[in-house]
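Just below is one structure, and these are the notes that go with it.
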2 protein chains.
Amino acid sequence: MIGAMNILIADDHALFRDGMSLLLQALGQVHVAEARNRREIEAHLKHQDLFDLLLLDLDMPGITNADGVKRICESAPQTAVVVISGNDAGYVVKACLDAGAMGFISKSSAGKVMLAAIQMVLAGERYVPSIYFDNSSEYSSDAASTASSISPRQQQIWQMLIDGKSNKEIAIALGLTDSTVKQHVSALFRKLGVNSRTQAIQKARTNS
Amino acid sequence: MIGAMNILIADDHALFRDGMSLLLQALGQVHVAEARNRREIEAHLKHQDLFDLLLLDLDMPGITNADGVKRICESAPQTAVVVISGNDAGYVVKACLDAGAMGFISKSSAGKVMLAAIQMVLAGERYVPSIYFDNSSEYSSDAASTASSISPRQQQIWQMLIDGKSNKEIAIALGLTDSTVKQHVSALFRKLGVNSRTQAIQKARTNS
DNA sequence: CCCTATATAGTACAAAAGTACTAGATATAA
DNA sequence: TTATATCTAGTACTTTTGTACTATATAGGG
């Protein structure tokens, strides 16, 4: 690598940025910039262009889901984006990778694992966490699986429940009927073992 | 302070624990233990007793709200508990302090601020963040306020919405009628500017 | 080919949620 | 004292949610 690497850390928590910044010193010649919200990320990408790497928190002002990741990835095609998230459920990982991320790091990971992942991405490789493979075929294929997993459509609708959308709003957004949305929501509830949207939201927040 | 201080860091994110651990070195002689969930916290408190300080994350397996904080505080009355949270809304701060916490640190705070807060608590003082005072009378008094803030009852019910409870479950838990719960829920929605419980949950997650 | 799962859409119904009122008790601020 | 806000509880009503079915089309596995 010629010269110092430019890395942008985007997280709203100072201590996390500090810890990550310290971790990155192990890479040698690195120049680290920080952003606390989407506005600051975009400002950095516009004015100071050309970052080699963007470490992007998935729970910060302006970036709360894969859509936010997609926006950032599209506005910085030359920068490798690694998503860092506390929620490492398979559907989240898949959504982020589909959105254009080059890697996904769980916040529960040890520092060494994070560093290895970052080095892999800097080397041009995609990094996918092992958890992602544990559930094997469930999320790894874009085709529907036979297993009793949450289908892509259900995952999509799950995200919209989390975003506070009503059945009607979901139907309009996806170009479906109310009836179809209800069918998907009920199927999702059955798989999650819940019987209300608020419980489905809690499932996404806590365990998964 | 005689000898080394015993400090327990409870957070499910490794990097955060590392960053905090590093930060604590500035205090001099400290012995740091770590816990990743409630089970590990309780194990530490039982077997290794007598911690001077417990830095407790408010979003980790087993500890998601003030009730969790209360349980921990009660099981370790000799240990000063400082809650660390990404959500520093007034009602969260108040709930934690009421639960018995000696301090409340926002994850968005700079390291220096965190360190100062920790030192204050170790000195026997309660630390309350300045944000808590910005909204002045709203949360600082246990009496109801005239301001258009979220009342204690509404905060309590808000938390139960977040936990996925139905109106009926809330009514039973609080010994109220369905009608009264609905009244509180509607009043909360009006203040939050939403019209569904899923949106109310999202409000708690994102901005506030 | 058969079985299964998904995605779609419909009907029908029960339950829950949400709104809009009234109303009494209580506490606080002006 | 008056006004305001909370907490409680009630009635009445609409809308939304959730479940239980049927049904068609598609795609994959055995």
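Each chain gets a letter, A, B and so on, in the order the sequences are listed, and its residues count up from 1.
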Without decimals, in angstroms, what is the distance between [X] [atom1] and [N] [atom2]?
X: L161(B); N: dA17(C); atom1: CG; atom2: P; value: 9 Å
X: L188(B); N: dA17(C); atom1: CG; atom2: P; value: 14 Å
X: R153(A); N: dT26(D); atom1: CZ; atom2: C1'; value: 15 Å

Choosing from [options], which nucleotide comes nearest the side chain of [X]?
X: R197(A); options: dT17(D), dA17(C), dT19(C); answer: dT17(D)
X: S196(A); options: dG18(C), dG18(D), dC7(D); answer: dG18(D)
X: K191(B); options: dT8(C), dG18(C), dT6(D); answer: dT6(D)

Exercise. Considering the terminal five base pairs at each end of the helix from dC1(C)-dG30(D) to dA30(C)-dT1(D), what angle separates the two local helix axes, rounded to 10°?
Worked result: 50°
For this session: Look at R38(B) together with E42(B) and state whether they make a salt bridge at an N to O cut-off of under 4.0 Å.
Result: yes
Exercise. Do NZ/NE/NH1/NH2 and the carboxylate oxygens of K107(A) and D57(A) come within less than 4.0 Å?
Worked result: yes
Exercise. Among residues 164-173 of chain B, which contact DNA chain C at a heavy-atom distance under 4.0 Å?
Worked result: S166(B), N167(B), K168(B)
Problem set entry | Of residues 177-184 of chain A, the positions that come close to DNA chain C - non-hydrogen atoms, cut-off under 4.0 Å | T177(A), S179(A), T180(A), Q183(A), H184(A)
Exercise. So does S186(B) get a side-chain nitrogen or oxygen closer than 4.0 Å to the phosphate oxygens (OP1/OP2) of dG18(C)?
Worked result: no
For this session: For residues I118(B) and Y127(B), determine if any side-chain heavy atom of one lies less than 4.5 Å from a side-chain heavy atom of the other.
Result: no
Exercise. Do you see a donor-acceptor pair shorter than 3.5 Å between the side chains of T177(A) and S179(A)?
Worked result: no
Exercise. Which atom pair, heavy atoms only, marks the closest approach of Q156(B) to L174(B)?
Worked result: NE2-CD2, 3.6 Å
